[in-house]
Student: 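Have a look at this one before I ask anything.
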Amino acid sequence: MLKGVGRVHTQHYLLVPGKRHQRPIHYLHSSCAPSGLQALALSKNYTRHIPQGTPLAHVYQAPPLTCPETRPSLPAISHAPRPCNPPGYRGQFPSGIIDTIDAFSSGTKAEITTLTSDINASPKLRRYIRQRESARRLAQFLASTSRPLRAHSAMTLAHALGCRFKPNHFETVVHQLSLKEYWSLIPPLASLARDQCGKTTARLLNWKIRAFIECHRFGRLDHVLGEFARDNVQPTRRTFHLLVSGHLRNQDLDSAKRSLQLMEDAGFPVDASTHALIVTAYRSLGLDPQVHARAFEALRHVDVRTSTRMLNSMIQHFLDVGDEPSAAEHINRMIAPVTSTRETVYHPGGTITGADGAVSPSSTSPPVIHPDAATFTILINYLNSQRQFHRVHKVLNRMVEVGVEPDAGVVAALIRTYCLNGRDDMAMSLLAAMLKSDADAQSVLALLRVKCISQLPINVKGIGLTVHVFNAALPRVMEIRGLSGARFIIRIMQSNGIQSNAATIEVFLNYLDRMEHIETCRLTQVLRSISRKAHGPTIRHLNIILRKALRREKHRIHGSGWDTTAAKFSSTRRHTFTFPENRDLLNSENFDPSGSHHHPHHSSCIRSTILALSRKGVKSDRATFAMWLKHEGIADPTLGTAKSVFRHMVDKGMHPNRFHFTSLMDGFVRAGDVQAAEQVMRSAKAAGFKPDVVTWTVLISGYGRKGKPGLAMKTFRTMVAAGIPPDVPAIDALAHAYFAVGAYSVARKVLLELWPQVKPFPSEFKNAPLKQLAHIFRQSEKPGVAWKKSLTPQEQRSFNGKLRQVLQEWNQI
């Protein structure tokens, strides 16, 4: 249990964030989240064209779409007004009832008095507003529309006219709001139930807790048990489970432990369902062997759906740390029972069935655990992060073999696959096939100037359209069509009644940062504008802004480019650098919202975001700590503060990953202590993180900064001998090491000879100067993220105009 988890042992860890590679994010499907919690994630970057992989198998005929012959600059969208009434509304309720509710919600006291008289004079209106069941059905219907706030108004109006609801009537309306993910409307409705009924129920209060979690209002979790006591309602096991999952989701292990103790004190001992909850909510803290061990013991005692969700979470945990063998073993627990060719089958609880049928150490028959769509979504997203697109078709084949029907999560994962693999036609065809309007479908295809593909890898018929599908397509659309593409997708979402969510905002902020390179303060303003309807900013939104500010801080304090290092070893080369007047662009409070009891530094433009998170009780996650470590490594060459930050993270129960170790390595390298950086890499390896190309590149760069190109070359060869292929940054760091000491011909030779290892060499640049070669080489790594010239005043006005249009339409969703 969490009691057994305790603090993370620190003796195996030295300390560190990534140098320039962003952390690959693996996707957790919504059904992997704890009961009711939605785990949303984004792709890390959609800025590369990858050679086309192996064609996918099991092709299905998509609904016929007319491929447009002409493709306008920005496709038109069907602008039929979005009805707030789902199909079948006509005749269900009397005409004018919606207008009556709107008039009540916005009317003055005199107008409301007149309105109530009119309702009492109308038998039809009186029936649907004063009769309890009819009014409940009306409110439940309104909760499913695009203007769900009317449900609250309808129940208020009905009560004012003498209708007396029971708490269970409110429960049905709240449930409908949850299905549409209108979480911010649930707490006010639960409070209205208490006011009107004079009492409340544990179920309503539990819905209130769930809404606080989904709205990231974690600070309210500490007070909800007081509401139970005030209303003389006994909390249930689900109450405490929600509290535990909320605290774990907020990276607050201590509060989660306290909630478990309160649960036991209330007479609910820890059982299998509790272990299931913890393993599905523990991802934000990292992989914990004790949590997994207890989850395995609980697998036999939970239902089939829960056991699948538990194994999905464990698979995700292993993939997060790159442990494919352990993940594969867990996958076999679900898939192996239907595969007769395997000689050995592993079962939960440690039992093994051999080829002779013997079971050891226990002969008890293990439960059969079946994969679901989330299982295959996790695998596809992981393969996407590893750029192993040729293996995706095997995953789809297996999904068909075990009889799992795809869902919107699988569709979103496939759209990411095709976007990353340069198959825009297939990605947009998948999206188009899910749209109800043929006009919208044709416009989507015209948007990226692709032809419709009639043979799709899966049959999307009957799969409900969700925001996750749009979030998967949005990065590629913005990469090609810019802000006009974003505006188009927002309109499509509006026409299909799809709300944006926090992940949509994350995608948009990533685009503005990586592609448009807007300033930190402007990025903060955009976040404040578009996050109001999405329950405010999240810690992941703050991380994007901190990443942007860190790059600026690094440049202002240490400079950038080859000339910066070369100036230290050349008697003739000069690199002028002005120390920043405002060195405190970032400080420790910027990385710890929960500790920002006082105002962050007065000059920080991210103050409003940090204060908003602080008011909601949001705590830093592991990515925030990684950037905090990087900041301290940049600002403090002694790394004393960085080590304290690392220990603080571990004390909070967070398990370090390779990006924390890499951040420490980067700090030691900047301080000139490459040997200490090597020791950190060895500690990371002992902790289970094998050195990758990023960690080796940090060492190569470190030797280059010290003017030791020979050691840089030796490190490079050691990396290659270990079976790790070099990438663009690694080769660039090696060439930089020779350039720094004036060995320009060797630097040029390194670039020319190693260039084909990562990409074809453009022959037209064979005789180009070294500076031009280096620029082209770096730029080709991520074409969409390449350095961008400053905009002219006219271009800046045009960009700001487009951005304002996007923000206006966004806030209308």
Side-chain angles (χ1 to χ4, degrees), residues 43 46-80 380 383-384 387 389-390 392-393 396-397 400 406 408 410-463 465-466 468-496 498 507 511 515 783-784:
S43 63
Y46 288 74
T47 54
R48 295 184 61 183
H49 281 285
I50 308 296
Q52 180 178 344
T54 307
L56 299 178
H58 294 286
V59 204
Y60 295 92
Q61 183 73 29
L65 293 175
T66 305
C67 296
E69 297 296 333
T70 60
R71 300 183 176 95
S73 58
L74 185 63
I77 307 176
S78 58
H79 285 289
I380 295 173
L383 294 177
N384 289 341
R387 301 299 191 268
F389 307 114
H390 63 284
V392 172
H393 77 283
L396 290 181
N397 288 341
V400 172
V410 174
V411 176
L414 286 178
I415 289 177
R416 293 188 187 99
T417 299
Y418 290 120
C419 288
L420 289 168
N421 202 17
R423 290 296 308 276
D424 298 333
D425 53 349
M426 188 67 80
M428 293 301 106
S429 294
L430 277 170
L431 175 58
M434 298 190 71
L435 300 176
K436 298 177 181 178
S437 167
D438 287 340
D440 286 352
Q442 294 174 20
S443 298
V444 165
L445 296 170
L447 179 66
L448 296 192
R449 299 180 173 89
V450 296
K451 296 180 179 179
C452 60
I453 304 297
S454 58
Q455 301 291 327
L456 299 179
I458 59 174
N459 182 12
V460 301
K461 184 178 181 181
I463 299 178
L465 188 63
T466 68
H468 308 292
V469 177
F470 287 103
N471 289 345
L474 183 58
R476 181 61 175 163
V477 170
M478 289 191 295
E479 179 186 340
I480 296 177
R481 300 304 303 273
L483 292 177
S484 297
R487 188 179 175 192
F488 176 86
I489 291 296
I490 291 172
R491 291 178 180 177
I492 293 287
M493 293 172 64
Q494 284 181 310
S495 66
N496 286 272
I498 302 295
V507 171
Y511 165 78
M515 304 288 287

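Numbering of residues begins at 1 and proceeds along the displayed sequence.
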Student: To the nearest 0.5 Å, what is the distance between CG on Asp440 and CG on Leu431?
Tutor: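 Going from CG on Asp440 over to CG on Leu431, the span is 9.5 Å.
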Student: To the nearest 0.5 Å, how far apart are NE2 in His468 and CZ in Arg416?
Tutor: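 Rounded to the nearest 0.5 Å, the NE2-CZ separation comes to 9.5 Å.
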Student: Check whether any side-chain heavy atom of Lys451 lies under 4.5 Å from a side-chain heavy atom of Leu445, and answer yes or no.
Tutor: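 A side-chain contact under 4.5 Å is absent here.
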Student: First locate atom OG1 of Thr466, then atom CE of Met493, and finally report the distance between them rounded to the nearest 0.5 Å.
Tutor: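 CE of Met493 is found 9.5 Å from OG1 of Thr466.
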Student: If you compare all heavy atoms of Asn496 against all heavy atoms of Lys436, which two are closest, and at what distance to 0.1 Å?
Tutor: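 It is OD1-N, 4.1 Å.
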Student: Between Tyr418 and Ser429, is any pair of side-chain heavy atoms under 4.5 Å apart?
Tutor: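 Counting from C-beta outward, Tyr418 and Ser429 never come under 4.5 Å.
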Student: Which pair of non-hydrogen atoms, one from Gln455 and one from Met426, has the smallest distance, and what is that distance?
Tutor: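 Smallest interatomic distance, heavy atoms only, reads O-CE, 3.8 Å.
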Student: Nearest 0.5 Å, please: how far is CG in Leu447 from CG in Asp424?
Tutor: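 It comes to 10.0 Å.
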Student: Write down the atom of Met428, the atom of Ala473, and the distance for their closest heavy-atom approach.
Tutor: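 So the two residues come closest at CE-CB, 3.9 Å.
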Student: Might you point out which heavy atoms bring Ala472 and Ala412 nearest each other, and give the distance in Å?
Tutor: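 What the structure gives for the nearest pair is CB-O, 3.4 Å.
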Student: What's the verdict on side chain to side chain contact (heavy atoms under 4.5 Å, CB included) for Ile490 and Phe470, showing C-alpha distance, side-chain angles and the deciding distance?
Tutor: CA-CA 9 Å; Ile490 291 172; Phe470 287 103; over 6 Å; no
Student: For the residue pair Leu456 and Ile453, what are the closest heavy atoms and their distance?
Tutor: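 Shortest heavy-atom contact: CD2-O, 3.6 Å.
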Student: To the closest 0.5 Å, what do you measure between CG (Leu420) and CZ (Phe389)?
Tutor: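 If I round to the nearest 0.5 Å, the distance is 4.5 Å.
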Student: Could you walk me through whether Val477 and Phe488 satisfy the side chain to side chain contact (heavy atoms under 4.5 Å, CB included) test, starting with their C-alpha distance in whole Å, then the side-chain angles of each, then the deciding distance to 0.1 Å, before giving a yes or no?
Tutor: CA-CA 9 Å; Val477 170; Phe488 176 86; 5.6 Å; no
Student: So which heavy atom on Ile463 is nearest to which on Pro406, and how close?
Tutor: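 Smallest interatomic distance, heavy atoms only, reads CD1-O, 3.6 Å.
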Student: Among Asn397, Leu414, Asn421, which residue satisfies the side-chain contact (heavy atoms from CB on, under 4.5 Å) criterion with Val392?
Tutor: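 Testing each of Asn397, Leu414, Asn421 against Val392, the sole residue satisfying side-chain contact (heavy atoms from CB on, under 4.5 Å) is Leu414.
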Student: If you measure from CZ on Arg387 to OG1 on Thr417, what distance do you get to the nearest 0.5 Å?
Tutor: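 Between Arg387 CZ and Thr417 OG1, I get 10.5 Å after rounding to 0.5 Å.
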